There are 2 protein chains.
Amino acid sequence: MPDLRPGLQHLYLRDEDLRLGIELLFYAYRDFTAEPDRMLEEIGFGRAHHRAIYFVGRYPGINVGELLAILRITKQSLSRVLGELVRKGYILQRQGTSDRRQRRLELTEQGAALERKLSENQRRRIAAAYRAAGPAAVEGFRRVMLGLIDERDRRKVAAEPAKAPPLATPRRA
Amino acid sequence: MPDLRPGLQHLYLRDEDLRLGIELLFYAYRDFTAEPDRMLEEIGFGRAHHRAIYFVGRYPGINVGELLAILRITKQSLSRVLGELVRKGYILQRQGTSDRRQRRLELTEQGAALERKLSENQRRRIAAAYRAAGPAAVEGFRRVMLGLIDERDRRKVAAEPAKAPPLATPRRA
DNA sequence: CCGAATATGTCAGTGTTGTTGACATATATG
DNA sequence: CATATATGTCAACAACACTGACATATTCGG
């Protein structure tokens, strides 16, 4: 059922255009994760460890609830992975200062090193794709990808890290 | 280690640009798969079933080896999922004509209906993102995404379905 | 201050999806 | 005919998700 809301832009979208979008996401994600997965396997970790390490590195001092909101998994799932990372010395937990129920997470030096190693591969792949496609394509890529993300997360993802206040918890009713 | 091959395009890539690329892929894939996953759960299937149904619908008559090459999983993993789909009447297997060792796969009417239902959600999401971003952005999106895919699969993904000879012997015109 | 809500953690059980390794059958091919 | 290929199957295992129940510490509102 083609969603042809006539008030909006009319961009003629063939079924093949949409199908290609689906497949691009499948193949790109498949290949984007393959190499880090292989590295992780060598040290007995999996993709879930990578995600946790990545986002703790991205938002130092993030608390557990915020990390759960990003990953969209249950606390029991995260707990297993996070516990392992803490026990093996990749992540530190410190009690929050303003709210002492919170555990603020950060990478140890070892954790930061692993994060760099894993992400380096992905950065290289992205850099190569960006260079091959050119700056205008990169801008288009961003616009489309943002449009694929749930509306409630778009702002957060698009925000520059400097501008992004580390996810401060606006506690509401 | 910034991959600054000086002979290529120089597109100034900040660390944030690459980081954003990583995150766009994570968030977009997370949200792109969430709704189909919920639907699949209701009928006792998972994402792996979706993938199999999708690609069998995409390449009617595809054989097992070709499907394995796309999914990049082991035959034992595929076998479990495929067997279930066959037993429950979503996929048909027919012996190949030119090579009778092969099992050519296709969707039953029930399988095609499920495929449409699952993909409709993803098509809608892609269509919305494409419309919001505009045609130029869509072209950029494609270029970057293709660049992220392993070189050996780029041609196949980019090929129009009409132009794409269904991977092997086009038994079905 | 007290009770409710919140942030986090843990135990136990379950399901999907991936893996490896070994082995079986049918068919194709040189 | 011997070997390679396409597929299937059995068994064991691991990663990572889930639900449900319960525990503890802390914050917050009335």
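As the structure is a computational prediction, the values presented were derived from the model and not from experiment. Letters A, B, ... are given to chains in the order of the sequence lines, protein chains preceding strands, and every chain is numbered from 1.
- A salt bridge does not link A:Arg123 with A:Glu35: every distance from a Lys NZ or Arg NE/NH1/NH2 to an Asp or Glu carboxylate oxygen is 4.0 Å or more.
- Residues A:Arg30 and B:Asp150 are not paired through a salt bridge, judged by the lack of any N-O separation under 4.0 Å between the basic side chain and the carboxylate.
- Positionally, the nearest nucleotide of DNA chain C for A:Lys75 lies more toward the 5' end than for the other of B:Glu84 and A:Lys75.
- Near DNA chain D, meaning a heavy atom under 4.0 Å away, the residues from residues 88-97 of chain A are A:Gln95.
- Not a single donor-acceptor pair, N or O on each side, falls under 3.5 Å between the base of C:dG15 and the side chain of B:Glu41.
- Checking the phosphate oxygens (OP1, OP2) of C:dG18, no side-chain nitrogen or oxygen of B:Thr74 falls inside 4.0 Å.
- A donor-acceptor contact under 3.5 Å is not formed by the side chain of A:Gln76 with the base of C:dG13.
- Along DNA chain D, the nucleotide nearest B:Arg80 and the nucleotide nearest A:Arg72 are compared for position; the residue whose nucleotide lies closer to the 5' end is B:Arg80.
- Judged by distance alone, with hydrogens and angles left aside, A:Arg103 brings no side-chain donor or acceptor close enough to the base of C:dG9 to form a pair under 3.5 Å.
- Atoms CG and CZ, on A:Leu146 and A:Arg155 in that order, are 11.5 Å from each other to the nearest 0.5 Å.
- Rounded to 10 degrees, the angle separating the terminal axes of the helix from C:dC1-D:dG30 to C:dG30-D:dC1 is 30°, with each axis obtained from five end pairs.
- The side chain of B:Ser77 places no N or O atom within less than 4.0 Å of a non-bridging phosphate oxygen (OP1 or OP2) of C:dT17.
- Applying the 3.5 Å distance criterion, the base of D:dT5 shares a donor-acceptor pair with the side chain of B:Arg101.
- Per the geometry, CZ belonging to A:Arg47 stands 13 Å off C1' belonging to D:dA17, to the nearest Å.
- In this structure, the CD1 atom of A:Ile53 is 12 Å from the P atom of D:dC16, given to the nearest Å.
- When rounded to the nearest whole Å, the span between CD of A:Glu66 and C1' of C:dA7 equals 11 Å.
- Counting heavy atoms from C-beta outward, A:Val56 and A:Ile53 have side chains that stay 4.5 Å or more apart.
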